[in-house]
Amino acid sequence: PIWRMGGVHAPRARCIGLIAALFAECDTVHGGALDVGDGQLDLSTLQHIVDEKALLWNMSFSIGFYTDAIGLQGVAGGLSNRLDPDDVVTTHHRFPVGSVTKPFTAAAILQLHDAGYLQIDDPIAGYVDPILRRLNGTTMLELWGGDTTCLKVTFRMLMGMRGGLHDYNDTWYEEVTFFDGTHDVSPFELLHRMNKSWTCVPGTCGVYASTGFELLGLVLAEAARVDNWEAYDQKSVIPPNLRDGYPDLTFPGPGPCSLDPLIIHQYGPGYSLRKLKSWGNETAFNVTYLDLYNNSCLNGWTCGNIAAAPSNVARFHYDLHHLRIVSNESLAAMMAFVPTNKGWDPQLYGLATMQTFPPEGRSWTPDPLNISYIVGHAGADYGSIGMLAGYNPRYDFGIAMFTGSANNMNCSMPANMTVDNMAFFYDTLCPLYDEILHLVTNGSAQRLNCSACPITASIYQCMSAPSREPSCQEYFEQTPCGQNKTIATNSLLCDRCVAKFEKNASSVCHSKYGLYSMCPPSGSTHRPSPPVNCDWSHITKTL
C-alpha cells in the first residue's frame with residue numbers, strides 16, 4: 001500500500017519561512033513535458049491532467065517514469081514559488097521527499113557487501129565505531145550507555161527496520177523545525193537525542209525507525225575515507241557509467257534548500273493544523289501555510305535528504321531491478337519482505353523497500369496481481385510528499401510522483417479535504433498512472449477505474465478496481481524459475497495453481513533449486529524468500 005504520513009517521514013519538516021498568501025485567484029500553469037529519451041511519446045494527455053489537478057488543488061505536481069526504451073519521461077504542473085506567477089514547476093525541479101532516500105542508502109551498503117567490505121549480517125558496531133570515535137568521541141557501546149544489546153544490531157536488521165531501535169524524537173524535531181528552521185540537525189544530534197531503550201530484542205520485531213539509517217550513513221562515510229560525514233557523496237551509489245542519466249538527483253547537505261535553485265518551494269501547514277483538536281467535525285478553520293524553501297534541507301541526511309525529479313527516482317528503481325546498482329543476491333535480500341508488527345501501521349518491509357501501491361481498502365494489503373502494484377519506498381517532508389516511488393514489475397517500468405505541498409491548498413474545499421493529505425494525492429495519481437500504463441504498454445494494459453473513488457468518498461478505496469486474478473496459464477506462462485513462488489501471496493490462488501506448477505516445473509528448477517512451497521504458511525500472508533541463485537531481475541519483471 002501507499003503508506004500514510006508518519007513513519008515514511010524523514011525528520012519531517014523545515015518551517016519558519018515566508019508565509020504565503022494562498023487566497024489569490026489561481027491560473028493554470030505548467031512546466032511542459034520532459035522527453036530526453038529515445039522514445040517519442042505523446043504526453044499531451046498527461047500534461048492536461050496535471051494542469052487540471054494543479055488548478056483544482058491549488059498546488060504543484062510532478063510525475064516521472066522510465067524504461068530504457070523511452071528514457072526519462074515526465075510532466076509537471078503548478079507553481080513553485082506561490083508569490084511569483086512566472087515560477088512554473090518544470091520536470092527538472094527537485095523535490096525533497098524524505099524517506100524516498102532509504103533505498104539509495106541501503107543500495108550503497110549492499111554495494112559494500114557485494115565488494116566484500118562487509119557482510120550484511122555482521123554487527124554494525126565494529127564498522128561504525130571508527131568514525132564515531134573520530135568525529136563524535138564515542139563508540140556505539142558508549143552511545144548506548146554500555147548496553148551490550150547494541151552490539152547485536154546488524155546491517156540487515158537496520159535496513160529491514162528490525163534493529164529494535166526507537167525512531168528520532170519527533171516532538172523535538174518538530175519544535176526545532178518550526179522555531180529554528182535554519183538549524184541543521186546532524187546525524188550525531190539525532191543519535192544522541194534518540195531513546196536508547198529497545199522496542200524489542202534486535203531482530204525479533206519490526207519497528208520503523210529512521211535512526212538506523214544514520215548509523216548506516218556513517219559506515220558509508222567511513223568506507224569512502226572522507227574527512228567528515230558531510231563530505232560523503234551519496235550520489236556515488238549510482239555507478240559512474242550511469243550518472244549522466246541522473247541529471248536531477250541530489251542529496252543536499254547542510255544549509256537551506258534555496259542553495260539549489262532547482263529545489264522546489266515546499267508548503268506546509270505546520271502547527272496551524274496540529275492545533276486543531278477535532279478537525280473532522282469542523283466546517284471551516286484558518287490554515288497558515290509556510291514556505292520552507294529557506295530552511296534546512298538536510299532532512300535527516302541518509303535517512304531522508306534526497307531532493308530529486310520524479311523521473312530520476314523512477315530510473316533508479318528501474319536500474320535497481322535490472323541489476324545495474326547491486327548484485328542479484330543483494331536485490332533478492334532487498335525484496336525479502338517481512339511484516340513489521342510494532343509502531344505505526346503494520347506493513348511488509350524488505351531492506352529499505354515497501355510494497356507501495358495500490359491501497360486495498362484500509363487493510364492496506366498489497367496485491368502483486370494488481371497492474372498498478374509497485375515495489376519501492378514512499379517518503380515525505382512537512383512541505384512535500386513522494387508517496388509513490390518504485391518499480392512496476394508487471395510492465396517493467398519505474399514511476400514516481402511528487403508534490404510541492406504537504407496538504408491541499410485549495411481553501412474553497414471542505415475542511416476535511418484540506419486536512420487529509422491523501423485526498424489530493426489519490427485523486428491526481430489515478431488518472432496520471434492510468435495514462436502512463438497506457439503509454440508504457442502501447443495501449444495493452446487494462447484501464448484503471450479512476451471514477452471508483454470520488455474525492456468525497458473513502459480515499460482508501462481508490463484504484464482497487466483493476467485487481468484481477470489471472471488464469472493459471474497466464475500466471476505461469478513464460479515465468480522464470482521461482483517467479484510464481486515469490487509473488488504468490490494469495491492462498492487460494494496458490495492452492496489452485498501449485499499442482500500445475502509442480503507438474504510442469506522444468507527439470508532445471510527441480511534439480512538446481514529444488515521445489516519449496518510457493519504459498520504462505522497457514523495463517524500468514526508472508527511468502528517464503530526465493531532461492532538467492534534464481535535470477536531476481538527476471539523474477540521481479542514478469543508476472
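As the structure is a prediction and not an experimental result, all values here were calculated from the model. Quick note: residue numbers are just sequence positions, from 1. All values below were derived from every heavy atom in this structure, side-chain atoms included, with hydrogens, water molecules and symmetry-related copies excluded.
For Asn408 (side chain) and Phe424 (main-chain N/O), no donor-acceptor pair under 3.5 Å exists by modelled atom type. Although no hydrogens or angles enter the test, the distance criterion places a donor-acceptor pair under 3.5 Å between the side chain of Thr353 and the main chain of Met334. The backbone N or O of Thr441 lies less than 3.5 Å from a partner atom in the side chain of Ser444, making a donor-acceptor pair. Judged by distance alone, with hydrogens and angles left aside, the side-chain atoms of Asn341 form a donor-acceptor pair with the main-chain N or O of Gly206 at under 3.5 Å. Between the Ser405 side chain and the Asn407 main chain, a donor and an acceptor come within less than 3.5 Å of each other. A side-chain donor-acceptor contact under 3.5 Å links Thr250 to the backbone of Ala307. A distance-only check finds a donor-acceptor pair linking the side chain of Thr302 to the backbone of Phe213 [under 3.5 Å]. Put simply, the side chain of Glu435 never gets that close to the backbone of Thr45: no donor and acceptor are under 3.5 Å apart. Judged by distance alone, with hydrogens and angles left aside, the side-chain atoms of Asn299 form no donor-acceptor pair with the main-chain N or O of Gly98 at under 3.5 Å. Of the possible polar contacts, none joining the Gln73 side chain to the Gly64 backbone as a donor-acceptor pair under 3.5 Å is found.
Ring-centre distance between Phe65 and Phe397: not below the 6.0 Å cut-off.
Residue Leu72 holds its CG atom at 8.5 Å from CG of Asp248, rounded to the nearest 0.5 Å. Rounding to the nearest 0.5 Å gives a distance of 8.5 Å between CG of Asn58 and OG of Ser412. In this structure, the separation between CZ on Arg94 and CD1 on Ile306 is 11.0 Å, given to the nearest 0.5 Å. In this structure, CG on Leu439 lies 7.5 Å from CG on Asp42, to the nearest 0.5 angstrom. Note that OG of Ser80 is 9.5 Å distant from CG of Leu262, once rounded to the nearest 0.5 Å.
For Ser60, the side chain to side chain contact (heavy atoms under 4.5 Å, CB included) partners two or more places apart in sequence, or in a different chain, are Val89, Phe95, Ile264.
Checking Asn392 against Tyr433 by side-chain atom types alone, a donor-acceptor pair falls below 3.5 Å. For the residue pair Asp396/His322, the side-chain donor-acceptor check at 3.5 Å is satisfied. Between the side chains of Asp319 and Tyr246, a donor-acceptor pair is found at a separation under 3.5 Å.
Pro252 is not listed as a side-chain neighbour of Asp260, based on a closest heavy-atom distance of 4.5 Å or more. Looking at Leu320 and Arg324, their side chains never come closer than 4.5 Å, going by heavy atoms from C-beta outward. Using a 4.5 Å heavy-atom threshold, the side chains of Phe402 and Ile385 count as separate. Asp291 has its side chain out of reach of Gln266: every pair of non-hydrogen atoms, C-beta onward, lies at least 4.5 Å apart. Looking at Ile436 and Ile399, their side chains come closer than 4.5 Å, going by heavy atoms from C-beta outward. Side-chain contact between Leu79 and Asp84 is absent, with no heavy atoms from C-beta onward closer than 4.5 Å. Counting heavy atoms from C-beta outward, Met159 and Lys102 have side chains that stay 4.5 Å or more apart. For the pair Met401/Leu432, a side-chain contact is recorded, criterion being any heavy-atom separation below 4.5 Å from C-beta on.
At a threshold of 4.0 Å, the pair Lys53-Asp427 counts as salt-bridged, since one of the basic side-chain nitrogens sits closer than that to a carboxylate oxygen. The existence of a salt bridge linking Asp68 and Arg315 is excluded, since no basic side-chain nitrogen approaches an acidic carboxylate oxygen closer than 4.0 Å.
Shortest non-hydrogen contact noted between Ala389 and His317 is O-NE2, 3.9 Å. Nearest heavy-atom pair, Gly383 versus Leu292, reported as atom, atom and distance to 0.1 Å: N-CD1, 3.6 Å. The two residues Ala107 and Ile325 come nearest to each other via the heavy atoms CB-CG2, 3.9 Å. Minimum heavy-atom separation, Ala76 to Asp51: O-OD1, 4.2 Å. The heavy-atom pair separating Ser99 from Ser210 by the smallest distance is OG-OG, 4.4 Å. Considering all non-hydrogen atoms of both residues, Asn312 and Leu249 come closest at OD1-N, 3.4 Å.
Shown are Thr105, Thr101, Asn305; of these, the side-chain hydrogen bond (donor to acceptor under 3.5 Å, both in side chains) with Gln234 is made only by Asn305.
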message: side-chain contact (heavy atoms from CB on, under 4.5 Å), that's the test. Do Tyr349 and Val338 meet it? Break it down for me.
response: CA-CA 5 Å; Tyr349 200 87; Val338 179; over 6 Å; no
- request: Evaluate the criterion side-chain contact (heavy atoms from CB on, under 4.5 Å) for residue pair Asp434 and Ile49; output intermediate values, then yes/no.
  value: CA-CA 11 Å; Asp434 176 62; Ile49 294 169; over 6 Å; no
task: Using the ring pair (Phe, Tyr, Trp, His ring centres under 6.0 Å) rule, take Tyr289 and Tyr267 through it: C-alpha gap first, then chi angles, then the decisive distance, then the call.
output: CA-CA 6 Å; Tyr289 288 90; Tyr267 294 90; 7.7 Å; no
field: Pair His321-Met335, side-chain contact (heavy atoms from CB on, under 4.5 Å): steps then yes or no
entry: CA-CA 10 Å; His321 284 269; Met335 298 291 290; 3.6 Å; yes
- request: Could you please spell out the steps behind the side-chain contact (heavy atoms from CB on, under 4.5 Å) verdict for Val75 and Ile63?
  value: CA-CA 6 Å; Val75 296; Ile63 191 163; 3.7 Å; yes
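The aromatic rings of Phe251 and Phe104 stand perpendicular to each other, their planes meeting at an angle above 60°, with 30° marking the opposite boundary. Taking the six-membered ring for Trp and thresholds of 30 and 60 degrees, His377 and Tyr208 have ring planes inclined between 30 and 60 degrees apart. Between His265 and Tyr293, the ring-plane angle classifies as parallel under the 30° and 60° cut-offs.
Atom CG of Asn442 is surrounded by 12 or fewer heavy atoms from other residues, nucleotides or ligands within 6.0 Å.
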